[in-house]
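Numbers for residues simply follow the sequence, beginning at 1.
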Amino acid sequence: MVCNMITVIKPGATQQQIDGLLNWFHARGLKTNVSEGEFQTVIGLIGDVGRVDVDLVKGLEIVDSVKRISDPFKRANRKFHPADTIVEISENVKIGGGNFQIIAGPCSVESEEQILTIAKSVKASGAGLLRGGAFKPRTSPYAFQGLHADGIELLEKAKAQTGLPIVTEIMNTLHLEMFKNVDIIQVGARNMQNFEMLKELGKSGKPILLKRGLANTLEELLMSAEYIMAEGNENVILCERGIRTFETYTRNTLDLSSVPVLKKLTHLPIIIDPSHAIGIAEHVKPMSLAAAACGADGLIIEVHNDPKNALCDGAQSLTPEEFGDLAKRVQAVREVVQS
């Protein structure tokens, strides 16, 4: 029987004692995940814990408690990892654990002039990262599919000129080599349960922005994160981008309740994508403010210098001026919430 549990270590235990216990678990065929918090150390056990004498472990001098975990997600579980995960993108750009970031840029990279203009404007307004689609999943095979490798090269050029880390979506693991200079690889809603892709991204070690599927539960989102983390990649950022409901006045329904729920369930950071959720530019700002108020770790916002003529999703894109106003208001909301 594959079951899982956590062992909470008492304060003051020496590293030698902890290592001895870890070796004892490993000798019984269990995988371990060690989380060292400010006040306690937690050892997560994954595997057949039927091989472990729980009463024996509870009786050890350094063990405070032993608890079984019934949730199907383990590495993503806050019980295994009580402290918030902070995903470090660069020396000055971090997400999670109180580090809030706004990722901004166009739905798709269209030209050098376009991406450079937008990159400079969103940086001036306070964005910490630049987004832009090089590969675009579209419902219609006749719609603009992106510039592919050329799009990534233009993002890299924008990064060189502005210093902004870049975020772009992968559609096929055969393209992974093209993403070697991409700072965060985005997994879109349609690929949230592309498990073979998730495994390969787990081996890459790159920070992964994992979007919730259009009709997926939060548990399914966390299980997809588990696929990445099971391969050794802890740098996972969750993204709520709206789910499909019966409502027709918005593109999707933005589930902001996911933020407090996920904060309780997992240590992974969560950001909000109001652009794709609402699909209407004028409603992006109020939902961004609501996301900041309810405790999200960041936002991903679509910004275009000429939305009316955008090749993709112009209706939900803010102008640089609108984004600048949004960024200021989001900062004001965060200051109130944190006070």
Check for me, please, whether [X] and [Y] land in the same ILVMFWY cluster - side-chain distances under 4.5 Å, paths through other members count.
{"X": "Ile89", "Y": "Ile272", "result": "no"}
{"X": "Ile300", "Y": "Leu130", "result": "no"}
{"X": "Leu218", "Y": "Phe195", "result": "yes"}
{"X": "Leu256", "Y": "Leu214", "result": "no"}

Side-chain heavy-atom pair [X], [Y] within 4.5 angstrom cut-off:
{"X": "Phe144", "Y": "Ser108", "result": "yes"}
{"X": "Asn191", "Y": "Met171", "result": "yes"}
{"X": "Val187", "Y": "Leu201", "result": "yes"}
{"X": "Leu155", "Y": "Val182", "result": "no"}
{"X": "Leu238", "Y": "Arg212", "result": "no"}
{"X": "Ile243", "Y": "Asn216", "result": "no"}
{"X": "Val49", "Y": "Arg68", "result": "yes"}
{"X": "Leu262", "Y": "Leu222", "result": "yes"}

[X]/[Y] ion pair, N-O < 4.0 Å:
{"X": "Lys159", "Y": "Asp183", "result": "yes"}
{"X": "Glu231", "Y": "Lys199", "result": "no"}
{"X": "Lys74", "Y": "Glu226", "result": "no"}
{"X": "Glu302", "Y": "Arg131", "result": "yes"}
{"X": "Asp84", "Y": "Arg78", "result": "yes"}
{"X": "Arg138", "Y": "Asp313", "result": "no"}

Problem - Steps toward side chain to side chain contact (heavy atoms under 4.5 Å, CB included) verdict (Ile86, Ile95) - result: CA-CA 6 Å; Ile86 298 174; Ile95 301 176; over 6 Å; no
For atom [atom1] of [X], decide whether the heavy atoms of other residues, nucleotides or ligands shown that lie under 6.0 angstrom number more than 12.
{"X": "Glu61", "atom1": "CD", "value": "no"}
{"X": "Arg329", "atom1": "CZ", "value": "no"}
{"X": "Arg244", "atom1": "CZ", "value": "no"}
{"X": "Lys10", "atom1": "NZ", "value": "yes"}
{"X": "Gln15", "atom1": "CD", "value": "yes"}

Tell me yes or no: between the side chains of [X] and [Y], is some donor less than 3.5 Å from an acceptor?
{"X": "His175", "Y": "Asn172", "result": "no"}
{"X": "Ser90", "Y": "Asn92", "result": "no"}
{"X": "Gln40", "Y": "Asp64", "result": "no"}

To the closest 0.5 Å, what do you measure between [atom1] ([X]) and [atom2] ([Y])?
{"X": "Lys136", "Y": "Cys107", "atom1": "NZ", "atom2": "SG", "answer": "3.5 Å"}
{"X": "Asn252", "Y": "His276", "atom1": "CG", "atom2": "NE2", "answer": "9.0 Å"}
{"X": "Lys328", "Y": "Phe323", "atom1": "NZ", "atom2": "CZ", "answer": "11.5 Å"}
{"X": "Asn235", "Y": "Ser204", "atom1": "CG", "atom2": "OG", "answer": "9.0 Å"}
{"X": "Leu299", "Y": "Cys239", "atom1": "CG", "atom2": "SG", "answer": "9.5 Å"}
{"X": "Thr32", "Y": "Phe25", "atom1": "OG1", "atom2": "CZ", "answer": "8.5 Å"}

If you compare all heavy atoms of [X] against all heavy atoms of [Y], which two are closest, and at what distance to 0.1 Å?
{"X": "Glu110", "Y": "Cys312", "answer": "OE2-N, 4.3 Å"}
{"X": "Ser224", "Y": "Met192", "answer": "OG-O, 2.8 Å"}
{"X": "His267", "Y": "Thr85", "answer": "ND1-OG1, 2.7 Å"}
{"X": "Ala134", "Y": "Thr168", "answer": "N-OG1, 3.3 Å"}
{"X": "Cys294", "Y": "Val259", "answer": "O-CG1, 3.5 Å"}
{"X": "Ala127", "Y": "Ala104", "answer": "CB-CB, 4.1 Å"}

Practice task
List the steps, then state whether side chain to side chain donor-acceptor pair (under 3.5 Å) holds for His283 with Gln316.
Solution key: CA-CA 9 Å; His283 300 318; Gln316 65 197 38; over 6 Å; no
So, the side chain of [X] versus the backbone of [Y]: is there a donor-acceptor pair under 3.5 Å, distance only?
{"X": "Asn233", "Y": "Met229", "result": "no"}
{"X": "Asp48", "Y": "Gly29", "result": "no"}
{"X": "Gln17", "Y": "Thr14", "result": "yes"}
{"X": "Asp297", "Y": "Ile270", "result": "yes"}
{"X": "Lys123", "Y": "Thr162", "result": "yes"}
{"X": "Glu322", "Y": "Leu318", "result": "no"}
{"X": "Glu240", "Y": "Ile271", "result": "no"}
{"X": "Glu335", "Y": "Ala332", "result": "no"}
{"X": "Thr245", "Y": "Thr253", "result": "no"}
{"X": "Glu247", "Y": "Tyr249", "result": "yes"}

Exercise for the section: Identify the residue among Thr173, Ile184, Ile166, Ile152 that makes a side chain to side chain contact (heavy atoms under 4.5 Å, CB included) with Phe179. Expected result: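 Output: one option passes, namely Ile152.
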Exercise for the section: Give the intermediate values and the outcome of side chain to side chain contact (heavy atoms under 4.5 Å, CB included) for residues Met5 and Leu30. Expected result: CA-CA 11 Å; Met5 65 184 188; Leu30 296 170; 5.8 Å; no
Exercise for the section: Could you check Arg251 against Ile280 for side chain to side chain contact (heavy atoms under 4.5 Å, CB included), going step by step and ending with a plain yes or no? Expected result: CA-CA 8 Å; Arg251 183 177 181 179; Ile280 303 168; over 6 Å; no
Handout entry: Steps toward side chain to side chain contact (heavy atoms under 4.5 Å, CB included) verdict (Asp150, Leu154)
Key = CA-CA 6 Å; Asp150 291 340; Leu154 292 178; 5.6 Å; no
